[in-house]
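When reading the values below, keep in mind they use all heavy atoms of this one structure, side chains included, and skip hydrogens, waters and symmetry mates. Numbers here are sequence positions counted from 1.
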Amino acid sequence: MPTRLHLIRASHLSPVIQYMQTLSMPVESLLEQAELSLDLLIEPNQLILENKVWHFLELAAEFNNMPHLATSLTEQSHLSQYGEFTEQLLKAENLYQALQFLIQEISLHHNNNYFWIKESEQCIWICRPQHPYVKDNQWQVEQHVMSLICMLIEHYAGPGWIPKQIKLQDNQAIGIEQSRFFKNADIILGQPYSAIAIDHILLKERSLETKLSKPSGLDYIPDSFVQGFKLLLRQNYFGQGWLAENIASILNTSVRTLKRKLHAQGTSLRQVFDEVRFQQACDLIEQDIHDYEVLAKKLSYTHANNFVRAFKRWSGITPREYIRLRNVELLKKNVSW
(Lines give C-alpha, C1' and ligand atoms only; values in the text may rest on other atoms or scores of the structure.)
Protein backbone atom coordinates (compact mmCIF):
# COMPACT_ATOMS: atom_id res chain seq x y z
CA MET A 1 0.00 0.00 0.00
CA PRO A 2 1.17 3.60 -0.56
CA THR A 3 2.48 5.58 2.41
CA ARG A 4 -0.65 7.74 2.37
CA LEU A 5 -4.20 7.62 1.08
CA HIS A 6 -4.52 9.66 -2.10
CA LEU A 7 -7.68 11.70 -1.68
CA ILE A 8 -9.59 14.30 -3.67
CA ARG A 9 -12.70 16.39 -2.99
CA ALA A 10 -16.00 14.96 -4.22
CA SER A 11 -16.70 18.33 -5.87
CA HIS A 12 -14.15 17.39 -8.51
CA LEU A 13 -16.56 14.85 -9.99
CA SER A 14 -19.62 17.12 -10.23
CA PRO A 15 -18.86 18.75 -13.62
CA VAL A 16 -17.62 15.42 -14.95
CA ILE A 17 -20.92 13.74 -14.13
CA GLN A 18 -22.97 16.64 -15.46
CA TYR A 19 -21.27 16.37 -18.85
CA MET A 20 -21.65 12.58 -18.96
CA GLN A 21 -25.36 12.93 -18.28
CA THR A 22 -25.70 15.17 -21.35
CA LEU A 23 -24.20 12.28 -23.34
CA SER A 24 -26.85 9.93 -21.86
CA MET A 25 -24.14 7.77 -20.32
CA PRO A 26 -25.05 5.27 -17.55
CA VAL A 27 -23.41 7.32 -14.82
CA GLU A 28 -24.67 5.32 -11.84
CA SER A 29 -23.60 2.02 -13.37
CA LEU A 30 -20.12 3.36 -14.19
CA LEU A 31 -19.79 4.79 -10.69
CA GLU A 32 -20.71 1.43 -9.22
CA GLN A 33 -18.09 -0.33 -11.35
CA ALA A 34 -15.52 2.15 -10.01
CA GLU A 35 -16.70 1.51 -6.42
CA LEU A 36 -18.24 4.96 -6.11
CA SER A 37 -21.82 6.15 -5.70
CA LEU A 38 -23.84 9.31 -6.06
CA ASP A 39 -24.40 9.26 -2.29
CA LEU A 40 -20.68 9.85 -1.77
CA LEU A 41 -20.83 12.95 -3.96
CA ILE A 42 -23.69 14.81 -2.26
CA GLU A 43 -21.37 16.74 0.06
CA PRO A 44 -18.86 18.61 -2.18
CA ASN A 45 -16.08 18.62 0.42
CA GLN A 46 -16.39 14.89 1.09
CA LEU A 47 -13.07 13.14 0.50
CA ILE A 48 -12.98 10.22 -1.92
CA LEU A 49 -10.22 7.88 -3.04
CA GLU A 50 -8.49 9.40 -6.04
CA ASN A 51 -7.85 6.13 -7.88
CA LYS A 52 -11.61 5.45 -7.95
CA VAL A 53 -12.14 8.77 -9.76
CA TRP A 54 -9.58 7.99 -12.44
CA HIS A 55 -10.93 4.45 -12.86
CA PHE A 56 -14.39 5.97 -13.35
CA LEU A 57 -13.00 8.25 -16.08
CA GLU A 58 -11.34 5.32 -17.84
CA LEU A 59 -14.53 3.24 -17.73
CA ALA A 60 -16.48 6.17 -19.17
CA ALA A 61 -13.93 6.67 -21.96
CA GLU A 62 -14.11 2.99 -22.87
CA PHE A 63 -17.91 2.94 -22.75
CA ASN A 64 -18.19 5.90 -25.11
CA ASN A 65 -15.21 4.86 -27.23
CA MET A 66 -13.70 8.30 -26.61
CA PRO A 67 -10.00 8.12 -25.71
CA HIS A 68 -10.11 11.92 -25.50
CA LEU A 69 -13.09 11.92 -23.12
CA ALA A 70 -11.26 13.60 -20.24
CA THR A 71 -10.18 16.48 -22.48
CA SER A 72 -13.66 16.83 -23.94
CA LEU A 73 -15.49 16.85 -20.61
CA THR A 74 -12.98 19.23 -19.03
CA GLU A 75 -13.29 21.75 -21.85
CA GLN A 76 -17.09 21.64 -21.50
CA SER A 77 -16.84 22.64 -17.84
CA HIS A 78 -15.79 25.76 -15.96
CA LEU A 79 -13.16 25.93 -13.24
CA SER A 80 -15.65 27.31 -10.73
CA GLN A 81 -17.58 24.02 -10.93
CA TYR A 82 -14.82 22.00 -9.26
CA GLY A 83 -15.25 23.37 -5.77
CA GLU A 84 -14.08 26.09 -3.40
CA PHE A 85 -10.40 25.65 -4.23
CA THR A 86 -10.79 26.30 -7.96
CA GLU A 87 -13.24 29.13 -7.25
CA GLN A 88 -10.47 30.78 -5.24
CA LEU A 89 -7.98 30.29 -8.09
CA LEU A 90 -10.15 32.56 -10.22
CA LYS A 91 -9.96 35.43 -7.71
CA ALA A 92 -6.25 36.17 -8.04
CA GLU A 93 -4.96 39.57 -9.14
CA ASN A 94 -2.94 38.00 -11.94
CA LEU A 95 -1.86 34.68 -13.40
CA TYR A 96 1.34 34.49 -11.36
CA GLN A 97 -0.56 34.83 -8.10
CA ALA A 98 -3.03 32.15 -9.23
CA LEU A 99 -0.23 29.74 -10.14
CA GLN A 100 1.51 30.35 -6.81
CA PHE A 101 -1.73 29.59 -4.98
CA LEU A 102 -2.11 26.41 -7.02
CA ILE A 103 1.45 25.31 -6.20
CA GLN A 104 1.31 26.15 -2.50
CA GLU A 105 -2.26 25.21 -1.61
CA ILE A 106 -3.17 22.26 -3.87
CA SER A 107 -3.52 19.98 -0.82
CA LEU A 108 -6.72 21.86 0.06
CA HIS A 109 -8.29 20.03 -2.86
CA HIS A 110 -6.12 17.01 -3.59
CA ASN A 111 -3.13 15.44 -1.83
CA ASN A 112 -1.54 13.53 -4.71
CA ASN A 113 -0.66 16.32 -7.08
CA TYR A 114 1.91 19.05 -7.14
CA PHE A 115 3.19 21.58 -9.62
CA TRP A 116 6.22 23.76 -10.06
CA ILE A 117 7.36 26.62 -12.31
CA LYS A 118 10.43 26.24 -14.51
CA GLU A 119 11.80 29.26 -16.36
CA SER A 120 13.70 29.32 -19.64
CA GLU A 121 14.73 32.06 -22.06
CA GLN A 122 11.91 31.20 -24.44
CA CYS A 123 9.05 30.79 -21.97
CA ILE A 124 7.96 29.79 -18.48
CA TRP A 125 6.68 26.26 -17.86
CA ILE A 126 4.07 25.13 -15.38
CA CYS A 127 5.04 21.51 -14.71
CA ARG A 128 3.40 18.40 -13.28
CA PRO A 129 5.26 15.15 -12.46
CA GLN A 130 4.24 11.59 -13.05
CA HIS A 131 2.79 10.03 -9.93
CA PRO A 132 4.10 6.56 -9.10
CA TYR A 133 0.83 5.45 -7.51
CA VAL A 134 -1.30 6.33 -10.53
CA LYS A 135 -0.36 3.29 -12.59
CA ASP A 136 -3.60 2.88 -14.52
CA ASN A 137 -5.67 5.41 -16.44
CA GLN A 138 -2.63 7.65 -16.84
CA TRP A 139 -3.76 9.19 -20.12
CA GLN A 140 -7.21 10.16 -18.81
CA VAL A 141 -5.59 11.73 -15.74
CA GLU A 142 -2.98 13.63 -17.72
CA GLN A 143 -5.31 15.15 -20.30
CA HIS A 144 -7.83 16.12 -17.60
CA VAL A 145 -5.29 17.86 -15.34
CA MET A 146 -3.48 19.56 -18.22
CA SER A 147 -6.78 20.82 -19.65
CA LEU A 148 -7.68 22.29 -16.26
CA ILE A 149 -4.35 24.15 -16.14
CA CYS A 150 -4.94 25.47 -19.66
CA MET A 151 -8.35 26.72 -18.56
CA LEU A 152 -6.76 28.51 -15.62
CA ILE A 153 -4.20 30.22 -17.86
CA GLU A 154 -6.90 31.19 -20.37
CA HIS A 155 -8.92 32.80 -17.58
CA TYR A 156 -6.12 35.34 -17.04
CA ALA A 157 -4.69 35.46 -20.57
CA GLY A 158 -8.05 36.05 -22.20
CA PRO A 159 -10.48 34.02 -24.36
CA GLY A 160 -8.85 32.16 -27.22
CA TRP A 161 -5.47 31.67 -25.56
CA ILE A 162 -3.76 28.44 -26.55
CA PRO A 163 -0.29 27.19 -25.54
CA LYS A 164 2.46 27.21 -28.14
CA GLN A 165 4.12 24.14 -26.72
CA ILE A 166 3.11 21.27 -24.42
CA LYS A 167 5.11 18.39 -22.98
CA LEU A 168 3.20 15.21 -22.26
CA GLN A 169 4.20 12.03 -20.46
CA ASP A 170 1.99 9.83 -22.66
CA ASN A 171 3.68 8.30 -25.70
CA GLN A 172 0.62 8.32 -27.98
CA ALA A 173 -1.79 11.02 -26.79
CA ILE A 174 -4.66 9.39 -28.67
CA GLY A 175 -7.41 11.87 -29.53
CA ILE A 176 -5.35 14.94 -28.62
CA GLU A 177 -6.28 16.55 -31.93
CA GLN A 178 -9.84 16.90 -30.57
CA SER A 179 -8.74 19.44 -27.96
CA ARG A 180 -9.10 23.15 -28.61
CA PHE A 181 -6.06 23.75 -26.40
CA PHE A 182 -3.78 21.04 -27.73
CA LYS A 183 -4.61 20.59 -31.42
CA ASN A 184 -2.54 23.53 -32.66
CA ALA A 185 0.24 23.32 -30.08
CA ASP A 186 3.69 21.85 -30.58
CA ILE A 187 3.32 18.56 -28.66
CA ILE A 188 6.35 16.74 -27.29
CA LEU A 189 5.45 13.21 -26.20
CA GLY A 190 7.03 10.71 -23.81
CA GLN A 191 8.44 13.29 -21.41
CA PRO A 192 9.38 12.60 -17.74
CA TYR A 193 6.87 15.26 -16.66
CA SER A 194 3.99 17.20 -18.20
CA ALA A 195 4.41 20.93 -18.82
CA ILE A 196 2.63 23.84 -20.47
CA ALA A 197 4.55 26.76 -22.00
CA ILE A 198 3.49 30.24 -20.92
CA ASP A 199 4.76 33.42 -22.61
CA HIS A 200 6.88 35.60 -20.33
CA ILE A 201 4.57 38.55 -20.92
CA LEU A 202 1.68 36.71 -19.25
CA LEU A 203 3.69 36.48 -16.03
CA LYS A 204 5.23 39.94 -16.07
CA GLU A 205 3.05 40.93 -13.11
CA ARG A 206 4.40 39.01 -10.14
CA SER A 207 2.96 40.88 -7.22
CA LEU A 208 2.01 38.80 -4.21
CA GLU A 209 1.21 41.75 -1.97
CA THR A 210 -2.39 40.60 -1.68
CA LYS A 211 -2.12 36.92 -0.95
CA LEU A 212 -5.08 34.72 -1.77
CA SER A 213 -6.69 33.46 1.40
CA LYS A 214 -7.52 29.84 2.12
CA PRO A 215 -11.27 29.17 1.67
CA SER A 216 -12.82 29.07 5.13
CA GLY A 217 -14.66 25.83 4.48
CA LEU A 218 -11.57 23.81 3.60
CA ASP A 219 -8.83 22.12 5.58
CA TYR A 220 -5.66 20.64 4.14
CA ILE A 221 -5.98 17.01 3.14
CA PRO A 222 -3.48 15.14 5.32
CA ASP A 223 -0.50 13.22 3.97
CA SER A 224 -0.67 10.80 6.90
CA PHE A 225 -2.25 7.45 6.04
CA VAL A 226 -3.79 7.21 9.52
CA GLN A 227 -5.27 10.70 9.46
CA GLY A 228 -6.64 10.23 5.96
CA PHE A 229 -8.15 6.90 7.01
CA LYS A 230 -9.82 8.53 10.02
CA LEU A 231 -11.33 11.24 7.84
CA LEU A 232 -12.82 8.66 5.48
CA LEU A 233 -14.30 6.78 8.44
CA ARG A 234 -15.78 9.95 9.93
CA GLN A 235 -17.38 10.78 6.59
CA ASN A 236 -18.85 7.26 6.36
CA TYR A 237 -16.94 6.55 3.17
CA PHE A 238 -16.97 2.82 3.99
CA GLY A 239 -20.58 2.80 5.19
CA GLN A 240 -21.51 2.66 8.86
CA GLY A 241 -20.77 -0.98 9.66
CA TRP A 242 -16.99 -0.72 9.30
CA LEU A 243 -16.30 -4.34 8.36
CA ALA A 244 -12.55 -4.84 8.05
CA GLU A 245 -12.93 -7.02 4.95
CA ASN A 246 -15.10 -4.43 3.21
CA ILE A 247 -12.75 -1.57 4.09
CA ALA A 248 -9.69 -3.49 2.89
CA SER A 249 -11.44 -4.35 -0.37
CA ILE A 250 -12.31 -0.70 -1.06
CA LEU A 251 -8.67 0.22 -0.35
CA ASN A 252 -7.55 -2.50 -2.80
CA THR A 253 -5.62 -4.37 -0.15
CA SER A 254 -5.99 -7.21 2.36
CA VAL A 255 -7.03 -6.96 6.00
CA ARG A 256 -3.58 -8.23 7.02
CA THR A 257 -1.80 -5.54 4.98
CA LEU A 258 -4.10 -2.83 6.33
CA LYS A 259 -3.42 -3.90 9.91
CA ARG A 260 0.31 -4.07 9.23
CA LYS A 261 0.20 -0.57 7.75
CA LEU A 262 -1.55 0.85 10.80
CA HIS A 263 0.78 -1.01 13.17
CA ALA A 264 3.79 0.51 11.40
CA GLN A 265 2.34 3.94 12.18
CA GLY A 266 1.83 3.18 15.85
CA THR A 267 -1.84 2.30 15.95
CA SER A 268 -4.32 -0.48 15.19
CA LEU A 269 -7.63 -0.94 13.43
CA ARG A 270 -9.43 -1.24 16.80
CA GLN A 271 -7.78 1.89 18.13
CA VAL A 272 -8.62 3.91 15.01
CA PHE A 273 -12.24 2.74 15.14
CA ASP A 274 -12.45 3.70 18.83
CA GLU A 275 -10.99 7.16 18.27
CA VAL A 276 -13.33 7.94 15.39
CA ARG A 277 -16.42 6.55 17.13
CA PHE A 278 -15.63 8.59 20.25
CA GLN A 279 -15.26 11.75 18.18
CA GLN A 280 -18.52 11.02 16.37
CA ALA A 281 -20.27 10.43 19.70
CA CYS A 282 -18.94 13.76 21.04
CA ASP A 283 -20.11 15.55 17.91
CA LEU A 284 -23.61 14.09 18.19
CA ILE A 285 -23.86 15.00 21.88
CA GLU A 286 -22.77 18.54 21.07
CA GLN A 287 -25.69 18.61 18.63
CA ASP A 288 -27.93 17.99 21.67
CA ILE A 289 -28.63 14.38 20.74
CA HIS A 290 -28.74 12.73 24.16
CA ASP A 291 -31.08 9.78 23.70
CA TYR A 292 -29.01 6.60 24.08
CA GLU A 293 -31.08 4.66 21.56
CA VAL A 294 -30.60 7.38 18.92
CA LEU A 295 -26.89 7.68 19.64
CA ALA A 296 -26.44 3.92 19.46
CA LYS A 297 -28.26 3.70 16.13
CA LYS A 298 -26.30 6.55 14.56
CA LEU A 299 -23.04 4.91 15.67
CA SER A 300 -24.07 1.46 14.38
CA TYR A 301 -24.56 -0.24 17.78
CA THR A 302 -27.37 -2.77 17.98
CA HIS A 303 -28.23 -1.91 21.59
CA ALA A 304 -27.95 1.22 23.69
CA ASN A 305 -26.13 -0.74 26.41
CA ASN A 306 -23.38 -1.66 23.94
CA PHE A 307 -22.90 2.01 23.13
CA VAL A 308 -22.78 2.98 26.82
CA ARG A 309 -20.12 0.36 27.54
CA ALA A 310 -18.07 1.44 24.57
CA PHE A 311 -18.30 5.11 25.52
CA LYS A 312 -17.11 4.35 29.05
CA ARG A 313 -14.20 2.35 27.64
CA TRP A 314 -13.25 5.28 25.40
CA SER A 315 -13.53 8.07 27.94
CA GLY A 316 -13.61 6.51 31.42
CA ILE A 317 -17.05 7.98 32.12
CA THR A 318 -20.61 7.24 31.02
CA PRO A 319 -22.39 9.29 28.35
CA ARG A 320 -24.65 10.70 31.09
CA GLU A 321 -21.64 11.96 33.03
CA TYR A 322 -20.17 13.35 29.84
CA ILE A 323 -23.37 15.18 29.02
CA ARG A 324 -23.32 16.64 32.51
CA LEU A 325 -19.83 17.97 31.99
CA ARG A 326 -20.46 19.26 28.46
CA ASN A 327 -16.94 20.57 28.26
CA VAL A 328 -15.85 18.74 25.16
CA GLU A 329 -12.48 20.39 24.75
CA LEU A 330 -11.43 19.68 28.32
CA LEU A 331 -12.48 16.05 28.02
CA LYS A 332 -10.62 15.59 24.75
CA LYS A 333 -7.41 16.81 26.40
CA ASN A 334 -7.83 14.31 29.24
CA VAL A 335 -8.59 11.31 27.04
CA SER A 336 -5.45 9.25 26.49
CA TRP A 337 -5.31 6.89 23.58
Side-chain angles (χ1 to χ4, degrees), residues 1-13 35-36 40 43-55 82-86 88-89 99-117 126-138 141-142 144-145 148-149 169 192-194 211-238 242 247-248 250-255 257-276 278-280 332 337:
M1 293 181 70
T3 56
R4 61 181 174 179
L5 288 173
H6 301 306
L7 306 172
I8 192 169
R9 301 283 178 193
S11 59
H12 201 88
L13 264 182
E35 296 183 315
L36 291 168
L40 284 174
E43 168 53 50
N45 287 331
Q46 162 84 43
L47 297 177
I48 54 179
L49 292 166
E50 176 206 15
N51 65 318
K52 310 295 184 185
V53 176
W54 306 140
H55 183 41
Y82 290 88
E84 294 178 67
F85 177 75
T86 52
Q88 195 72 352
L89 281 173
L99 291 177
Q100 288 299 315
F101 186 77
L102 172 72
I103 291 168
Q104 295 167 11
E105 308 290 351
I106 184 64
S107 62
L108 289 168
H109 186 73
H110 182 219
N111 71 344
N112 188 32
N113 219 340
Y114 70 91
F115 302 89
W116 74 93
I117 288 176
I126 177 69
C127 308
R128 168 189 175 270
Q130 183 175 19
H131 296 297
Y133 295 116
V134 183
K135 300 185 184 301
D136 302 317
N137 323 312
Q138 283 275 9
V141 178
E142 184 172 25
H144 174 58
V145 175
L148 284 174
I149 300 304
Q169 298 165 36
Y193 58 87
S194 308
K211 187 177 179 181
L212 283 176
S213 59
K214 179 172 78 72
S216 58
L218 296 183
D219 292 318
Y220 295 106
I221 302 174
D223 285 340
S224 162
F225 180 93
V226 173
Q227 294 306 315
F229 185 39
K230 287 180 181 179
L231 284 175
L232 291 181
L233 288 169
R234 288 194 66 184
Q235 296 176 5
N236 290 322
Y237 187 88
F238 306 104
W242 293 1
I247 291 172
I250 293 173
L251 294 177
N252 296 324
T253 190
S254 66
V255 174
T257 301
L258 174 59
K259 289 181 177 179
R260 188 166 59 243
K261 179 74 177 178
L262 295 171
H263 179 74
Q265 298 194 20
T267 188
S268 67
L269 200 55
R270 171 69 176 272
Q271 185 172 347
V272 169
F273 285 174
D274 280 352
E275 290 180 16
V276 175
F278 176 63
Q279 184 61 62
Q280 289 179 322
K332 286 179 183 175
W337 295 109

Counting only heavy atoms not in Phe273 (residues, nucleotides, ligands), do more than 12 fall under 6.0 Å from its CZ? yes
Hits for side chain to side chain contact (heavy atoms under 4.5 Å, CB included) against Gln265, two or more places apart or cross-chain, chain-then-number order -> Ser224, Phe225, Val226, Lys261
Kindly indicate whether the side chain of Leu102, heavy atoms from C-beta on, has any atom under 4.5 Å from the side chain of Ile149. yes
Would you give the length of the straight line joining atom CG of Leu99 to atom CZ of Phe115, rounded to the nearest 0.5 angstrom? 10.0 Å
For Asn236, the side-chain hydrogen bond (donor to acceptor under 3.5 Å, both in side chains) test, sequence neighbours excluded, returns none
What closest approach, in Å, do Val53 and Leu36 show between heavy atoms, and which atom pair accounts for it? N-CD1, 4.1 Å
Are any of the side-chain heavy atoms of Leu5 and Leu251 separated by less than 4.5 Å? yes
Walk me through it: do Ile247 and Leu232 pass the test side-chain contact (heavy atoms from CB on, under 4.5 Å)? CA-CA 10 Å; Ile247 291 172; Leu232 291 181; over 6 Å; no
What's the spacing between Leu231 CG and Leu7 CG if we round to 0.5 Å? 7.5 Å
Sequence-distant partners of Tyr193, side chain to side chain contact (heavy atoms under 4.5 Å, CB included), two or more places apart: Trp116, Lys118, Cys127, Lys167, Ala195
Closest non-hydrogen contact found for Glu142 with Ser194 is OE2-OG, 2.5 Å
Are the side chains of Leu47 and Tyr237 in touch, meaning some heavy atoms are under 4.5 Å apart? no
Mind checking the CG-NE2 spacing from Leu148 to His144? Nearest 0.5 Å is all I need. 4.5 Å
Between Glu35 and Asn252, does a side-chain contact (heavy atoms from CB on, under 4.5 Å) hold up when you go through it step by step? CA-CA 11 Å; Glu35 296 183 315; Asn252 296 324; 4.1 Å; yes
Quick one: does Glu275's side chain get under 4.5 Å of Gln271's, heavy atoms only? yes
Taking atom CD1 of Ile8 and atom CG of Asn112, what is their separation to the nearest 0.5 Å? 9.0 Å
At what distance, to the nearest 0.5 angstrom, does OG1 of Thr86 lie from CG of Leu108? 11.5 Å
How about Lys230: does its NZ atom have over 12 heavy atoms from other parts shown lying under 6.0 Å from it? yes
Please verify the inter-ring angle class for His109 with Phe85; under 30° counts as parallel, over 60° as perpendicular, anything in between as tilted. parallel
When rounded to the nearest 0.5 angstrom, what is the spacing between CG in Leu218 and CD in Glu105? 10.5 Å
Residues Tyr220 and Ser107: closest non-hydrogen pair is CD2-OG, 3.2 Å
Look at the rings of His12 and Tyr82 and say which category their plane angle falls in: under 30° parallel, 30 to 60° tilted, over 60° perpendicular. tilted
Keeping Asn111 on the side-chain end and Asp223 on the backbone end, is there a donor-acceptor pair under 3.5 Å? no
Close side-chain approach of Leu233 and Gln279, heavy atoms under 4.5 Å: no
Could you report the tightest heavy-atom contact between Ala248 and Ser254, atom names first, then the distance? CB-C, 3.6 Å
Residues Gly83 and Ser11: closest non-hydrogen pair is CA-OG, 3.6 Å
Ile221 and Arg9 have their tightest heavy-atom pair at CG1-NH2, 3.9 Å
Can you confirm whether the side chains of Glu84 and Gln88 place a donor and an acceptor under 3.5 Å from each other? no
Evaluate the side-chain proximity of Phe229 to Leu269: yes if any heavy-atom separation is below 4.5 Å, no if none is. yes
